[in-house]
2 protein chains.
Amino acid sequence: MSTPTDSPVPCALPGPSGPTARERLVRHATGIFAAKGFAAAGTREICEAAGVNIASIRYYFGDKEGLYRETLLGPIAEAITAFGGFDDPGLPFEDGIRRFFAPILGMTSDGEDAASETQVMKLHLREMLEPSGAFREVVEQTIAPAHRALVGLLARHCALAEPDDDIHQLAFALVAMAHDYCLSREMMRLLAPGVLDRPRARERTLDRLVGFARALLDHERARRLPHDPEPTPANADR
Amino acid sequence: MSTPTDSPVPCALPGPSGPTARERLVRHATGIFAAKGFAAAGTREICEAAGVNIASIRYYFGDKEGLYRETLLGPIAEAITAFGGFDDPGLPFEDGIRRFFAPILGMTSDGEDAASETQVMKLHLREMLEPSGAFREVVEQTIAPAHRALVGLLARHCALAEPDDDIHQLAFALVAMAHDYCLSREMMRLLAPGVLDRPRARERTLDRLVGFARALLDHERARRLPHDPEPTPANADR
DNA sequence: AGCACATAATCAAACGATTTATTAAGTCGA
DNA sequence: TCGACTTAATAAATCGTTTGATTATGTGCT
């Protein structure tokens with residue numbers, strides 16, 4: 001029998017009736033995978049939501065895992081460009097870190113697409129807890145370069161030639177604060193609804209994270225000054 | 001043939017009263033639920049790991065969800081006491097926030113139990129992405145009081161009578177940094193292994209987070225001063 | 001002590017339901 | 001007619017759950 005994947009890609013022709021079956025499938029699969037996880041998401045459920053039949057998954061992606069890989073690896077191209085030059089050496093720190101945070105918070109585009117980016121972020125957060133083989137590729141191809149660019153930015157503003165472990169740790173703390181707005185969204189709504197519901201909440205949050213980043217960077221720079229009567233232990237052995 | 005002394009699994013201590021079947025079940029279920037999620041974890045897999053019969057789940061917990069609830073709600077009693085008085089008004093800020101961070105990082109007890117606490121934390125992180133009914137109880141009974149105590153601590157050190165949304169946001173950022181050491185552990189190992197592997201990594205991380213918290217608190221206090229010669233953008237009103 | 005009975009715990013086997021993967025035939029527009 | 005796509009049905013595996021039997025332990029009665 002002919003293998004289902006070696007057929008020419010059918011997404012070439014734009015149908016007059018909106019997104020193709022394949023596109024709808026990927027779109028709804030992203031939302032359902034993000035909401036319920038890979039195992040709990042059923043192929044019937046996905047196909048029904050997308051308005052396609054069950055056999056379409058095999059037809060377009062071979063199997064369920066192929067569809068999942070597509071939802072995971074598909075948006076990385078957009079993600080790469082979304083960060084667009086945040087580590088430009090000519091940029092002030094606040095502007096650079098703002099460009100870095102904005103896509104993570106889903107602020108590159110407005111309204112509808114923001115929900116889509118939130119779903120992709122949830123997928124990534126799930127994969128952080130339980131990495132799959134496909135995600136390792138994403139890390140190496142996308143996240144690792146972004147992380148290197150971020151630590152480079154931080155090291156530069158700390159007047160360091162090379163980033164060390166403390167810079168890495170600072171970088172993790174910064175992205176953690178941004179991740180949290182996807183991770184604990186439901187809990188925020190229970191504990192402090194105003195943070196999410198007040199007017200211009202996203203803009204405020206972005207401003208806030210930029211301020212936090214500035215404060216942590218200043219803290220890091222002060223920590224590295226030669227005179228250091230700080231509460232941090234001075235025995236930096238190894 | 002099989003006497004009750006020679007248990008079928010190596011994890012059971014020799015002697016008449018090792019961990020009971022119920023305890024082993026909960027213990028291994030916690031690890032598997034944390035690693036794979038509720039839906040992907042199979043009852044057969046759990047029982048095989050615990051060295052008990054499949055029917056034990058029904059016998060002890062009714063069904064799979066009852067076992068899951070036990071793994072989720074069981075450790076909350078310990079968690080409540082683990083934070084033990086971190087918001088004592090007589091405590092300096094650094095000491096209070098240190099007592100708050102330590103249990104999250106799994107530093108209340110050493111070695112073996114730390115892995116157990118990490119698993120419980122992973123379960124909670126999964127529930128943050130995809131809250132179940134059982135988790136809502138945990139939030140209301142455990143997390144909400146802890147969050148209120150944290151915002152109270154922060155508001156006090158900001159000389160505020162009542163916490164506002166900005167204080168809540170600061171609190172979320174602080175716990176996010178701590179959560180991240182459970183969430184993106186695998187990714188840290190790929191991107192910057194030294195952060196996790198260097199000697200006394202956990203102690204250093206705790207010190208680091210305390211320093212970050214101090215820096216962010218100072219930033220927040222400075223932001224609230226009427227005169228504001230800070231590097232934070234001048235349009236910080238709103 | 002000896003016997004009968006009750007309870008708790010565990011076991012192997014199987015049940016019914018649901019899942020994904022797969023196939024064959026059909027529809028419809030260009 | 002050809003290719004894109006749908007429909008319906010089946011196969012095969014796996015899932016959570018349930019059952020009935022079995023062992024170990026305890027308990028009360030004579």
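Chain identifiers are assigned alphabetically (A, B, ...) following the order of the sequence lines, protein sequences preceding nucleic acid strands; residue numbering begins at 1 within each chain. Note that these values count all heavy atoms, side chains included, but never hydrogens, waters or copies made by symmetry. Note that the coordinates shown come from a computational prediction; the quantities given were computed from them, not determined experimentally.
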Throw together a table of side-chain donor-acceptor distances under 3.5 angstrom for residues 139-153 of chain A, partners on residues two or more places apart or in other chains.
from: A:H147; atom 1: NE2; to: A:H168; atom 2: ND1; distance (Å): 2.8

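- Between the side chains of B:E23 and B:Y60, not a single donor N or O lies within less than 3.5 Å of an accepting N or O.
- Between A:K122 and B:E130, none of the side-chain N atoms (NZ, or NE/NH1/NH2) sits under 4.0 Å from a carboxylate O, so this pair counts as no salt bridge.
- C:dA12 atom P lies 12 Å from atom CD of B:E48, rounded to whole Å.
- Separating the OH atom of A:Y60 from the P atom of D:dG3 is a distance of 15 Å, rounded to the nearest angstrom.
- With salt bridges taken as basic N to acidic carboxylate O contacts below 4.0 Å, one links A:D207 and A:R98.
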Could you encode protein contacts along nucleotides 12-19 of chain D as a string, one character per nucleotide from 5' to 3', using B for base contact, S for sugar-phosphate-only contact and - for no contact, with a heavy-atom cut-off of under 4.0 Å?
-> ---BBBBB

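- A donor-acceptor pair under 3.5 Å is absent between the side-chain atoms of A:S56 and the main chain of A:V52, judged by distance alone.
- Using a 4.0 Å heavy-atom criterion, one finds that B:S56 contacts no nucleic acid atom at all.
- If you take CZ of B:F61 and P of C:dT10, they are 11 Å apart, rounded to a whole angstrom.
- Atom CZ of A:R24 is separated from atom P of D:dA4 by 16 Å (rounded to the nearest Å).
- Going from atom CZ of A:R22 over to atom C1' of D:dG3 covers 17 Å, rounded to whole Å.
- Taking a cutoff of 4.0 Å between a charged side-chain nitrogen and a carboxylate oxygen, A:R58 and A:D63 do not qualify as a salt bridge.
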